[in-house]
2 protein chains.
Amino acid sequence: MSREFRRAMPLLPISMVMQLTELTARQIRYYEEHKLIQPARSEGNRRMFSLDDVDALLEIRELLDQGINMAGIKKVFDMRQVNDVRIYDKTIISDAELRIILREEMLQAQRLQKPSLRQGGLSRFIQIKSK
Amino acid sequence: MSREFRRAMPLLPISMVMQLTELTARQIRYYEEHKLIQPARSEGNRRMFSLDDVDALLEIRELLDQGINMAGIKKVFDMRQVNDVRIYDKTIISDAELRIILREEMLQAQRLQKPSLRQGGLSRFIQIKSK
DNA sequence: AATATTATGTTAGAAAATATAACATATCAC
DNA sequence: GTGATATGTTATATTTTCTAACATAATATT
């Protein structure tokens, strides 16, 4: 679980993601525009990417290479989401239990930092502030 | 091995490190000035920190809390570094190679499912305890 | 073939983040 | 009380990132 949390943590600026994926900023933003990724934002509106985002971008690149377009990639991703949920259902921790854990963690984090992210997913629980 | 690469990979901007460590930019730069950390630099001279850097900073904080000064902390770090082989230090590797390594590591990590960050390190902020 | 769509490049201007450097200061050790 | 240490604060320059608009080659559609 901690691993997944870490991987969902928005840490990287777009410049790093560009280097890791060899994609241009234009491409990355375009894929976001098409909902293939949803990077978090800092208070100053900078995109902050997680390792999951990087992973997704690398896969987008592969799929594009295979001639698949935005819609197709979206479909592939959506299908995977379904699979993830299925797999997740089989884990020991219940959804409710998970929520409690996440809430606890979030509250603890807020004791240390000011809240700031406005977006869904796990990254909701990770704080990014700018000033 | 790849995991160490990843932890030594300079990815994070100072703003992220500030949040992860609860240190001010001033403090972080001061510690660098005193050679306690040596973050990489971007083309445009921005500091880029690795997870190892974050861990080091968290430890600096602890040691300062214990009343140890810069010189003392430096000594502690130097003593440890004797056996500590830093793969990334002087190795010249391309972005592509780094990316491939990162990718490999991520994929493998998903299979091995191994908790790893040591206590008192980064895990304090991103790990949630199951059960 | 002509036209439209898609994925990406390029450019411009604004805003945010970071850099260095200088000066300020509270806390200790002496 | 003096001086060193660790950190705060401020100023200014540079870099990074943002959005938005317009351009275009490659595909798809008609």
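Here is how names work: the chains are called A, B, and so on, in the same order as the sequence lines, proteins then strands, and each is numbered from 1.
- Residue B/Ile73 holds its CD1 atom at 10.5 Å from CD of B/Glu62, rounded to the nearest 0.5 Å.
- Taken from CZ in B/Arg26 to OH in B/Tyr31, the straight-line distance is 10.0 Å, to the nearest 0.5 Å.
- The side chain to side chain contact (heavy atoms under 4.5 Å, CB included) test applied to A/Arg29 returns A/Ile14, A/Ala25, A/Arg47, not counting sequence neighbours.
- For the side chain to side chain contact (heavy atoms under 4.5 Å, CB included) test, residues two or more places apart in sequence or in another chain that qualify with A/Lys75 are A/Met79.
- Distance CG (A/Asn69) to P (C/dT8): 11 Å, rounded to an integer number of Å.
- Whole-Å rounding puts the B/Ile68 CD1 to D/dA6 C1' distance at 15 Å.
- Contact between B/Leu64 and B/Ile68 at its shortest, heavy atoms only, is CD2-O, 3.3 Å.
- Inter-residue side-chain proximity for B/Tyr30 and B/Met70 is flagged as met; some heavy-atom pair is nearer than 4.5 Å.
- Residue B/Glu33 contributes atom CD, which lies 12 Å from atom C1' of C/dA22 at whole-angstrom precision.
- Summarising the geometry, the separation between CG on B/Leu64 and P on D/dT5 is reported as 14 Å, rounded to the nearest angstrom.
- Note that CG of B/Leu36 and CG of B/Asp78 are 9.0 Å apart. Values are rounded to the nearest 0.5 Å.
- For B/Tyr31, a side-chain nitrogen or oxygen approaches OP1 or OP2 of D/dT7 to under 4.0 Å.
- Within the 4.0 Å cut-off from OP1 or OP2 of D/dA6, at least one side-chain nitrogen or oxygen of B/Tyr30 is found.
- With sequence neighbours excluded, the residues that form a side-chain hydrogen bond (donor to acceptor under 3.5 Å, both in side chains) with A/Thr24 are A/Gln27.
- Comparing the start and finish of the helix from C/dA1-D/dT30 to C/dC30-D/dG1, five pairs each, the helix axis swings through 30°, to the nearest 10 degrees.
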Inset, instruction - Summarise how protein sits on nucleotides 25-30 of chain C as a single string, 5' to 3': B when a protein heavy atom is under 4.0 Å from the base, S for sugar-phosphate-only contact, - for no contact. - result: ------
Inset, instruction - Mark up nucleotides 10-30 of chain D, 5' to 3', with B wherever a protein heavy atom is under 4.0 angstrom from a base atom, S wherever such an atom reaches only the sugar-phosphate, and - elsewhere. - result: ----BBBBBB-----------
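- What separates CD of B/Gln27 from P of D/dT7 is a distance of 5 Å, to the nearest Å.
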